[in-house]
Amino acid sequence: MARTALVTGGSRGIGAAISKALKAEGYNVAATYAGNDEAAAKFTEETGIATYKWNVADYEESKAGIAKVEAEVGAIDIVVANAGITRDAPFHKMTPEQWHQVIDTNLTGVFNTVHPVWSGMRERKFGRVIVISSINGQKGQFAQVNYAATKAGDLGIVKSLAQEGARAGITANAICPGYIATEMVMAVPEKVRDSIISQIPTGRLGEPEEIARCVAFLASDDSQFINGSTISANGAQFFV
Ligand code: CAA
């Protein structure tokens with residue numbers, strides 16, 4: 001029987017590419033989105049992938065949403081914690097609200113997404129937890145104290161979960177995309193974006209599909225011994 005995958009933020013950007021790649025691999029896929037009903041409906045129409053709306057920053061909403069997915073699509077074997085936001089500002093201008101919004105969505109959102117599926121994975125003795133971190137969690141980034149803190153936090157989450165899940169057949173890994181051609185990166189002022197691209201030895205932004213292929217590999221049975229790892233996909237911009 002086909003396994004079931006949940007992708008948060010799975011109807012746009014990197015998440016949409018992940019949802020599609022997992023569907024192409026034969027998984028049952030459910031994708032969550034936060035607010036853009038129109039984009040989600042269009043995505044479902046085009047791909048046949050079911051979309052569910054909830055706020056990953058809210059534990060009870062996540063738990064209820066996941067229960068609905070499990071009833072309608074299947075018990076979740078693969079969870080991709082991808083949903084994330086930016087609220088960039090130089091630190092001297094960053095407000096407590098910008099700090100909390102990013103922490104709540106990007107970091108607490110990972111807890112809220114993985115915790116409700118963890119017990120089921122332990123019982124079924126199989127699970128794949130894949131967290132989409134960022135190059136900026138590895139190297140830090142001007143104007144992203146909040147975002148970089150969450151993305152560095154993701155790496156601590158997967159290293160800890162890997163140790164807890166290993167004997168139950170669960171792996172937990174992170175992917176650190178570099179700068180990928182998505183709306184999030186396109187929102188960076190053009191001058192800044194050009195300067196970022198000039199720092200990427202490959203000479204271009206990455207494509208969402210290049211991240212999706214890493215996810216498909218980590219979701220597969222072939223990746224069982226890879227646990228607690230970080231895959232960097234950044235066009236040689238930064239080495240750990
Ligand atoms: N390094 C060093 N200095 C920088 C800089 C950088 N990367 N970016 C901006 N600055 C400097 C500017 O040159 C300017 O300096 P001067 O005052 O001397 O001219 C100063 O910082 C900006 O000051 P402002 O008061 O104008 O800043 P602002 O309040 O208008 O904020 C900004 C502007 C939010 C920092 C904007 O420049 C920006 O969005 N920068 C991009 C940040 C970024 O790279 N975010 C990554 C988004 S993509 C992503 O997050 C996906 C992923 O995982 C990779």
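Order of appearance sets the numbers: ligands from 1, and atoms from 1 within every ligand. We use all heavy atoms of the structure for the numbers below, so side chains are in, but hydrogens, waters and symmetry mates are not.
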Of all residues at least two apart in sequence or in a different chain, which pass the side chain to side chain contact (heavy atoms under 4.5 Å, CB included) check with Ala152?
none
Apart from Val188 itself, what residues make up its hydrophobic cluster, given side-chain heavy atom links below 4.5 Å?
Ile135, Tyr179, Val185, Met186, Val192, Ile196, Ile197, Ile200, Leu205, Phe238, Val240
Short N or O contacts of ligand 1 with protein, under 3.5 Å, listed by atom name?
residue, atom, partner, partner atom, Å
ligand 1, 25 (O), Lys93, NZ, 2.5
ligand 1, 29 (O), Lys93, NZ, 2.8
ligand 1, 44 (O), Gln141, NE2, 3.2
ligand 1, 45 (N), Asp88, OD2, 2.8
ligand 1, 50 (O), Gln144, NE2, 2.9
ligand 1, 53 (O), Ser134, OG, 2.7
ligand 1, 53 (O), Tyr147, OH, 2.7

Please give me the minimum heavy-atom distance between Lys151 and Gly137, naming the atom from each residue.
CB-CA, 3.6 Å
Donor-acceptor pair, Ser11 side chain versus Ala16 backbone, under 3.5 Å?
no
Are Pro116 and Tyr59 packed together at the side-chain level, in the sense that at least one heavy-atom pair is separated by less than 4.5 angstrom?
yes
Contacts satisfying side chain to side chain donor-acceptor pair (under 3.5 Å) that involve residues 12-27 (not counting sequence neighbours) are Arg12-Glu183
